[in-house]
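A note on names: the letters A, B, ... follow the listed sequences, proteins ahead of strands, and every chain is numbered from 1. Just so it is clear, the model here is predicted, and its values are computed rather than measured.
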Protein chains: 2
Amino acid sequence: MADEEPTSIWMQPERQERSGPGRRPGYSREQITRTAVRIADAEGVEAATMRRIAGELGTGAMSLYRYVPRRDDLFDLMIDLAMSEVELPDGPSGDWRGDLALLARRIRATGLRHPWLIALLTSRPTLGPHLLRVHEFALGTFDELGLDIDDSTGLVAMLNDYLHSAIRREIGWLEEARRTGLDPERWKRDYMGPYVRQVVESGAFPLFNRSVLDSRTAHLAPEERFRHGLDRILDAIAALIPSLRPPRAERR
Amino acid sequence: MADEEPTSIWMQPERQERSGPGRRPGYSREQITRTAVRIADAEGVEAATMRRIAGELGTGAMSLYRYVPRRDDLFDLMIDLAMSEVELPDGPSGDWRGDLALLARRIRATGLRHPWLIALLTSRPTLGPHLLRVHEFALGTFDELGLDIDDSTGLVAMLNDYLHSAIRREIGWLEEARRTGLDPERWKRDYMGPYVRQVVESGAFPLFNRSVLDSRTAHLAPEERFRHGLDRILDAIAALIPSLRPPRAERR
DNA sequence: TCTCATTTGCGTACATGGTACCTGAATGGC
DNA sequence: GCCATTCAGGTACCATGTACGCAAATGAGA
């Protein structure tokens, strides 16, 4: 009776272990979510179908709908479960740059451990508690500097944008290869390679050519590349801070 | 016989109007792509199914496979068709900031006209000719300043990251509402609203609360918000430029 | 003009997906 | 021990991408 009005998954708490009548639940949201995450980690989100998850739990697909209204809501739960792995200090330490670098490393590690995470996260507006927690931490580092909330939000967005796209780049073609069923080496060599070679040889895009042929960073280890990009973003943020609105203390 | 080895769509040119024997093609890749784009614009990518596109063209679903190997390749074609609408000058004008602002406005306009574009673009590695053209233009504005190709690529990525996430934010919940079948107002008020209200009232995330309650930019027109963010990114880029590697001219 | 190899049009069919619905089994309060 | 309530999960429906196969069209060579 209460599920006529569709609302956010976070507003529909899981059935409790109440003392009323009725059969006791044999599974739980967390158990289902954990299973979905495990499958998605190993074989991609598209493998985490309702039937497959249920099968892994030894039950039928429709049983899951007692715990999760729609598959999309399960995605939200998966995102939040993954984000719960991002461990952070209780609050900013006073070294905003160090705090944000820590945040960045943790998010990258989580994003690599769950290659589907960033794709899901950026494909829909979702606001699970753990995402809020991480967001709050990032806002905190700027608040400590006395920045306006709008400016803080903007800078956090800037950092997030970098994180998401850098992680995606790092995973990108690996995931694409898996999706198309080719092994990554073959995909790069036989699928994308010939096209890039043709573009390069056409000479139509000389700067793109240079970015392919003359790049120094292309041969760096992924961590190094990530750190370079991160340093640049943090430099940009550092450069921006003094020019932003005066801190609250000075404004009154 | 030639389609055993899977390769990029851009490497498999459309059957030409050759003079050999055989029935003449009744459709074309462009015609199919255009139809797909029209449907996706009006009802979302998920509505642009093979059957639907074919139906719109007055034929059967399987006919499309004479022109496009897989649905994913059709997505690549759609992306590139949309990107072809981004009109740009032949080369940089000397005012890099103006050039990039123009680029940003054009991409935003295109992204709003095709609400599925950014989502597809960021969900997979794709490199159509028109995407390359736009990318080349962006690289050109930095090359003109004498920047190293790796640094130029990094700055272009920074701008792109902002564009993608800003456009996505602007479209975001509108698309989500459409996907779930609710009308946008209801979605905001009945679906997301109650949850955000609960989070706010819990007081667990004070800075998030301020970003919701005390925000000044939240009431701005979308264009204004976009321009604010764009100005900030361009400021950041401007601040970064002097600190980057010395221009090629000085390096020898 | 008559083959005939070649290429397109497209109906049929299959596997796989989300999920609505329904029946039966479990459970605890009265 | 009855009964309202809740969960388990089978069956079923519809939509999707696409493999396969055959008929229709087409133009070159005879």
Side-chain angles (χ1 to χ4, degrees), chain A residues 1-4 6 9 12-29 31-32 35-36 39-40 43-78 124 179-181, chain B residues 1-4 6 9 12-29 31-32 35-36 39-40 43-78 124 179-181:
Chain A
M1 322 258 143
D3 48 319
E4 293 181 12
I9 180 77
Q12 295 173 252
E14 185 166 15
R15 321 261 186 292
Q16 299 292 4
E17 307 269 343
R18 10 124 284 290
S19 49
R23 190 164 164 178
R24 318 297 296 274
Y27 307 95
S28 73
R29 245 183 219 180
Q31 188 185 12
I32 292 169
T35 307
I39 298 172
E43 304 168 45
V45 253
E46 72 277 4
T49 66
M50 299 305 266
R51 281 178 239 259
R52 175 72 189 281
I53 299 166
E56 209 97 342
L57 287 168
T59 182
M62 292 314 293
S63 301
L64 304 185
Y65 286 92
R66 294 278 164 190
Y67 301 87
V68 171
R70 308 173 329 217
R71 190 160 121 103
D72 280 3
D73 290 317
L74 182 54
F75 286 157
D76 284 342
L77 293 172
M78 291 170 68
R124 52 189 296 137
R179 261 197 303 274
T180 53
Chain B
M1 322 256 145
D3 48 320
E4 293 181 13
I9 180 77
Q12 295 172 253
E14 185 166 14
R15 322 262 185 294
Q16 299 291 4
E17 306 269 342
R18 18 127 276 291
S19 48
R23 193 165 161 176
R24 317 299 295 275
Y27 307 94
S28 74
R29 243 182 220 181
Q31 187 186 12
I32 291 169
T35 307
I39 297 173
E43 304 168 46
V45 253
E46 72 276 4
T49 66
M50 300 305 266
R51 280 177 240 261
R52 175 71 189 281
I53 298 165
E56 209 96 343
L57 287 168
T59 182
M62 292 314 293
S63 302
L64 304 186
Y65 286 92
R66 295 279 169 192
Y67 302 87
V68 171
R70 308 175 327 222
R71 183 156 187 252
D72 280 3
D73 291 317
L74 183 54
F75 286 156
D76 284 343
L77 293 172
M78 290 170 68
R124 52 188 298 134
R179 260 197 303 274
T180 52

Residues of residues 45-57 of chain B with a heavy atom under 4.0 Å from any atom of DNA chain C, listed by number, are B:Arg51

Between CG of B:Leu74 and P of D:dT16 the distance, given in whole Å, is 14 Å

Heavy-atom closest pair (A:Pro69 atom, A:Ile9 atom, distance to 0.1 Å) is CD-CD1, 3.6 Å

Numerically ordered, the residues 60-71 of chain A set in heavy-atom contact under 4.0 Å with DNA chain D is A:Gly60, A:Met62, A:Ser63, A:Arg66, A:Tyr67

Non-hydrogen side-chain atoms of A:Thr35 and A:Arg52 separated by less than 4.5 Å:
no

| request: Answer yes or no: is there a donor N or O on one side and an acceptor on the other, between the side chain of A:Tyr67 and the main chain of A:Tyr27, under 3.5 Å? | output: yes

When rounded to whole Å, the CD1 to C1' distance for the pair B:Ile32 and D:dG17 reads 15 Å

Check whether any side-chain heavy atom of B:Thr180 sits under 4.5 Å from a side-chain heavy atom of A:Arg70, and report yes or no.
yes

In terms of heavy-atom contacts, A:Leu57 and A:Ile32 come closest through CD1-CG1, 3.8 Å

#### Entry: Side chain proximity check, A:Arg66 to A:Glu14, heavy atoms < 4.5 angstrom
no

So do the side chains of A:Arg124 and A:Asp76 get within less than 4.5 Å of each other, counting heavy atoms only?
yes

Closest non-hydrogen contact found for B:Ala36 with B:Leu74 is CB-CD2, 4.3 Å

At less than 3.5 Å, do the side-chain atoms of B:Arg23 and the base atoms of C:dT7 form a donor-acceptor pair?
no

